[in-house]
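In this text, all values refer to a predicted model and were calculated from it rather than measured experimentally. The analysis underlying the following values was restricted to heavy atoms, covering all of them including side chains, and did not include hydrogens, waters or symmetry mates. When a residue number appears, it is its place in the shown sequence, counting from 1.
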Amino acid sequence: MKSEVEERAQFVSFCIEQYAKAKNMTTEDVVNLFEQYGITEHFCEFYDVLHTQGHNWLIEEIDEMINNRKK
């Protein structure tokens with residue numbers, strides 16, 4: 001059985017891969033983007049709710065978070 005930390009790490013990894021694929025970016029660039037805008041921390045903190053969402057919704061959520069945090 002996976003620990004909670006492993007589940008959260010796997011979820012963030014999934015989000016990174018899906019976002020990279022959707023935006024035609026490298027995973028390294030996405031990791032840097034997530035770090036810059038606090039996406040990883042947010043997704044770990046709210047894992048219980050977010051991990052139930054589909055990948056399209058997650059990509060839209062990430063875009064919205066980035067746009068809101070650019071201001």
Side-chain angles (χ1 to χ4, degrees):
M1 187 169 160
K2 293 180 188 174
S3 72
E4 187 175 329
V5 171
E6 288 173 317
E7 288 179 0
R8 289 172 193 251
Q10 187 175 23
F11 172 66
V12 170
S13 177
F14 169 79
C15 292
I16 290 167
E17 291 172 4
Q18 292 300 308
Y19 196 79
K21 184 177 175 182
K23 302 297 180 179
N24 197 28
M25 296 172 67
T26 67
T27 54
E28 183 177 346
D29 287 342
V30 174
V31 167
N32 292 333
L33 186 70
F34 278 25
E35 288 178 8
Q36 180 180 356
Y37 291 102
I39 307 295
T40 300
E41 292 80 9
H42 178 83
F43 275 35
C44 285
E45 183 177 348
F46 297 102
Y47 165 80
D48 293 338
V49 175
L50 296 173
H51 84 280
T52 63
Q53 304 299 319
H55 69 276
N56 289 331
W57 183 90
L58 290 167
I59 291 166
E60 290 174 13
E61 182 71 7
I62 294 165
D63 284 340
E64 185 175 325
M65 290 176 64
I66 291 169
N67 287 331
N68 287 339
R69 293 174 181 193
K70 281 183 179 179
K71 297 176 182 178

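Summarising the geometry, atom CD1 belonging to Ile16 is positioned 11.5 Å from atom CD belonging to Gln18; distances are rounded to the nearest 0.5 Å. Separating the CD atom in Glu17 from the OG atom in Ser13 is a distance of 4.0 Å, to the nearest 0.5 Å. Of the inter-residue distances, the one linking Phe43 atom CZ with Leu58 atom CG reads 5.5 Å to the nearest 0.5 angstrom.
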- List the steps, then state whether side chain to side chain contact (heavy atoms under 4.5 Å, CB included) holds for His42 with Arg69. CA-CA 12 Å; His42 178 83; Arg69 293 174 181 193; 4.1 Å; yes

- Item | Derivation of the side chain to side chain contact (heavy atoms under 4.5 Å, CB included) call for Ile39 and Leu33 | CA-CA 8 Å; Ile39 307 295; Leu33 186 70; over 6 Å; no

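Nearest heavy atom pair, residue Phe34 against residue Ile62, reads CZ-CD1, 3.6 Å.
A salt bridge between Arg8 and Glu4 is present, with a side-chain N of the basic residue lying under 4.0 Å from a carboxylate O of the acidic one.
Within the structure, side-chain hydrogen bond (donor to acceptor under 3.5 Å, both in side chains) contacts touching residues 49-61 (residues at least two apart or in different chains) do not occur. Pairs of residues two or more places apart, or lying in two chains, that qualify as side-chain hydrogen bond (donor to acceptor under 3.5 Å, both in side chains) and include a residue from residues 24-41 are Thr26-Asp29.
Aromatic ring orientation, Tyr47 versus Phe11: perpendicular (interplanar angle above 60°, classes split at 30° and 60°).
For Phe14, there are no ring-ring contact (aromatic ring centres under 6.0 Å, His included) partners, not counting sequence neighbours.
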